[in-house]
Amino acid sequence: MEEYPDLDSNIQNDEDVDISNLMDKHQTIERNLTWEIRKLEKDKVLLENENLRLDREVKSLKSEISRFRTPPLVLATVSEILEDNQVVVKSSTGPSFLLRYADKDSNKMEIGARVALNQQTFSIVEIITSEKDPLVSGMEIDEVPDMTYDKIGGLKDQIRETIETVELPLKNPKIFEDVGITPPKGVLFYGPPGTGKTLLAKAVAHETNATFIKIVASEFVKKYIGEGSRLVRGVFELAKEKAPAIIFIDEIDAIAAKRLQGSTSGDREVQRTLMQLLAEMDGFESRGNVGIIAATNRPDILDPALVRPGRFDRIIEVPVPDEDGKLEILKIHTKNMTLDSDVDLKSIASNAKSASGADLKSICTEAGMFAIREENYSVSAKNFEEAMDKVMNKNKKNDLSKNEELMYN
Ligand code: ATP
């Protein structure tokens with residue numbers, strides 16, 4: 001008897017296969033979806049973090065913008081404390097005001113305290129504590145610096161001129177009286193960065209046993225109106241107190257550029273600061289025991305008023321050293337280094353074409369670092385080559401990024 005296939009069981013089998021296929025598919029889809037969900041959850045966390053970071057950045061940028069938009073504050077000194085949280089203050093711009101202060105400030109309020117006032121409403125915005133006094137924070141004071149002319153390479157003429165114009169009037173003022181000439185009041189050093197302007201000023205201070213007082217002129221331009229001129233006065237008073245002293249004003253172009261004829265409150269403040277500086281110099285005895293030296297990299301933008309006779313009337317160029325100068329500087333900075341016999345300072349000097357004194361010093365330090373990395377005690381010619389590459393390439397990159405900055409400004 002012919003056997004017929006069991007239709008029922010076949011159908012049953014087919015259904016089982018379908019169901020198991022479907023279940024497989026379902027599982028695969030479920031797995032994919034779970035994986036997809038996990039991925040999305042991870043992305044969500046990442047995006048939330050990114051969002052938080054951007055929020056923080058927006059907040060800090062907003063506060064930066066509001067800081068830029070805030071006009072400078074007027075500085076005033078408390079002259080009288082009255083009842084009911086009232087004070088009389090004398091502002092740095094001239095007039096006195098009767099103002100109220102907040103309860104929370106009552107313990108800081110005292111006669112002589114300095115307060116910052118809003119320019120429009122003249123309300124007290126802040127009581128300035130003495131630690132914040134820029135007169136203290138912005139100055140570098142060195143009681144007789146440890147710098148001598150023999151540690152300066154390649155600036156023979158400049159050293160001679162500095163001795164004649166700053167050192168001699170401090171050491172031997174009588175000689176000028178006898179000859180009947182007035183020594184220069186101020187000396188202006190100009191030249192590219194890192195060429196030894198500060199070194200020269202420090203060396204004069206050393207030779208004359210004088211206190212070296214350095215201030216970077218941009219420090220004079222503070223956020224408080226009237227602060228710049230107060231600072232200038234402060235520097236001159238301090239110099240008289242500490243006399244003999246050398247006042248060294250670096251980057252003088254920050255307060256003495258021609259273009260500052262503008263009319264914003266910032267420009268006027270910078271001009272007032274310059275006027276104060278000129279007034280201090282005009283009222284200064286040139287044969288006294290304070291020498292004034294200023295330095296700039298941008299002599300071309302200086303206000304001519306600054307270089308009139310009786311002010312910075314001796315101008316000394318401090319250029320990038322020539323090959324002999326470079327060799328002298330290299331000798332100074334390698335004096336205490338152990339060098340391999342293959343190190344030829346002369347060829348380093350001739351290869352370091354555009355290097356300033358500061359670059360040559362960096363080359364020596366870097367060469368030493370390369371030797372240390374190789375666990376050597378002595379520095380080889382190869383170390384110098386690597387150091388020169390590093391320092392001079394860094395300069396090139398800096399120059400490029402400066403050009404880019406100029407292009408985008
Ligand atoms: P800036 O214009 O940037 O203020 P500067 O002309 O005042 O620069 P300095 O501060 O005097 O430069 O020099 C920086 C460093 O470079 C010095 O500490 C010194 O080590 C080195 N240097 C520069 N010029 C000389 C030099 N002629 N002889 C020896 N070392 C030098």
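Numbering of ligands and ligand atoms starts at 1, following listing order.
- Counting heavy atoms under 4.0 Å from ligand 1, residue Lys361 touches it through the side chain alone.
- Of all protein heavy atoms, the one closest to atom 2 (O) of ligand 1 is Lys197 NZ, 3.1 Å.
- Residue His333 places a heavy atom less than 4.0 Å from ligand 1.
- Polar contact with ligand 1: absent for Ile332 (N/O pair, distance under 3.5 Å).
- Near Asn297, with a cut-off below 4.0 Å to any heavy atom, the atoms of ligand 1 are 2 (O).
- Nearest protein neighbour of atom 23 (C) of ligand 1, counting heavy atoms only, is Gly194 O, 3.3 Å.
- Among all non-hydrogen protein atoms, the one lying nearest atom 7 (O) of ligand 1 is Thr198 OG1, 2.5 Å.
- Counting heavy atoms closer than 4.0 Å to ligand 1, residue Lys151 contributes backbone atoms (N, CA, C, O) but none from C-beta onward.
- Salt bridge absent: Asp55 and Lys62 never bring a charged side-chain N and a carboxylate O closer than 4.0 Å.
- No side-chain heavy atom of Asp250 sits less than 4.5 Å from a side-chain heavy atom of Ile215.
- Using a 4.5 Å heavy-atom cutoff, the side chains of Gln276 and Thr273 are not in contact.
- Contacts between Ile329 and ligand 1 below 4.0 angstrom, taking non-hydrogen atoms only, involve the side chain exclusively.
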Worksheet item: Are Asn383 and Ser380 close enough, and set up right, to give a side chain to side chain donor-acceptor pair (under 3.5 Å), and what steps lead you there?
Response: CA-CA 5 Å; Asn383 295 145; Ser380 66; 3.0 Å; yes
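- Of the protein's non-hydrogen atoms, the one nearest atom 27 (N) of ligand 1 is Gly153 O, 2.9 Å.
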Item to complete: Apply salt bridge (charged side-chain N to carboxylate O under 4.0 Å, His left out) to Lys382 and Glu374, showing your working.
Response: CA-CA 11 Å; Lys382 188 175 139 267; Glu374 290 169 5; 3.1 Å; yes
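- Taking every heavy atom of Ile152 and a limit of under 4.0 angstrom, the matching atoms of ligand 1 come to 27 (N), 28 (N).
- For the side chain to side chain donor-acceptor pair (under 3.5 Å) test with Tyr149, the passing option among Lys156, Arg160, Glu167 is Glu167; the others fail.
- Counting only N and O atoms by type, the side chains of Asn376 and Ser378 include no donor and acceptor under 3.5 Å apart.
- Selection from Pro193, Gly325, Gly196 by nearest heavy atom to atom 9 (P) of ligand 1 gives Gly196.
- With Leu199, Thr365, Asp359, Thr296 as candidates, the residue nearest to atom 25 (C) of ligand 1 on a non-hydrogen basis is Leu199.
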Fill in: Candidate pair His206 and Phe212, rule side-chain contact (heavy atoms from CB on, under 4.5 Å), full reasoning
CA-CA 8 Å; His206 177 92; Phe212 177 75; over 6 Å; no
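- Side-chain contact between Ile19 and Asn21 is absent, with no heavy atoms from C-beta onward closer than 4.5 Å.
- The closest heavy-atom contact to atom 24 (N) of ligand 1, among the options Leu155, Thr195, Leu360, Ile159, comes from Thr195.
- Contacts between Asp250 and ligand 1, counted as non-hydrogen atom pairs separated by less than 4.0 Å, involve the side chain only.
- Of the N and O atoms on the side chains of Ser362 and Asp359, not one donor lies less than 3.5 Å from an acceptor on the other residue.
- When non-hydrogen atoms are compared, ligand 1 lies under 4.0 Å from neither the backbone nor the side chain of Val318.
- Of the protein's non-hydrogen atoms, the one nearest atom 16 (O) of ligand 1 is Ala358 CA, 3.1 Å.
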Item to complete: For salt bridge (charged side-chain N to carboxylate O under 4.0 Å, His left out), just list the numbers for Glu50 and Arg53, CA-CA rounded to whole Å, side-chain angles, deciding distance to a tenth of an Å, and then say yes or no.
Response: CA-CA 5 Å; Glu50 183 66 8; Arg53 195 184 62 77; 3.0 Å; yes
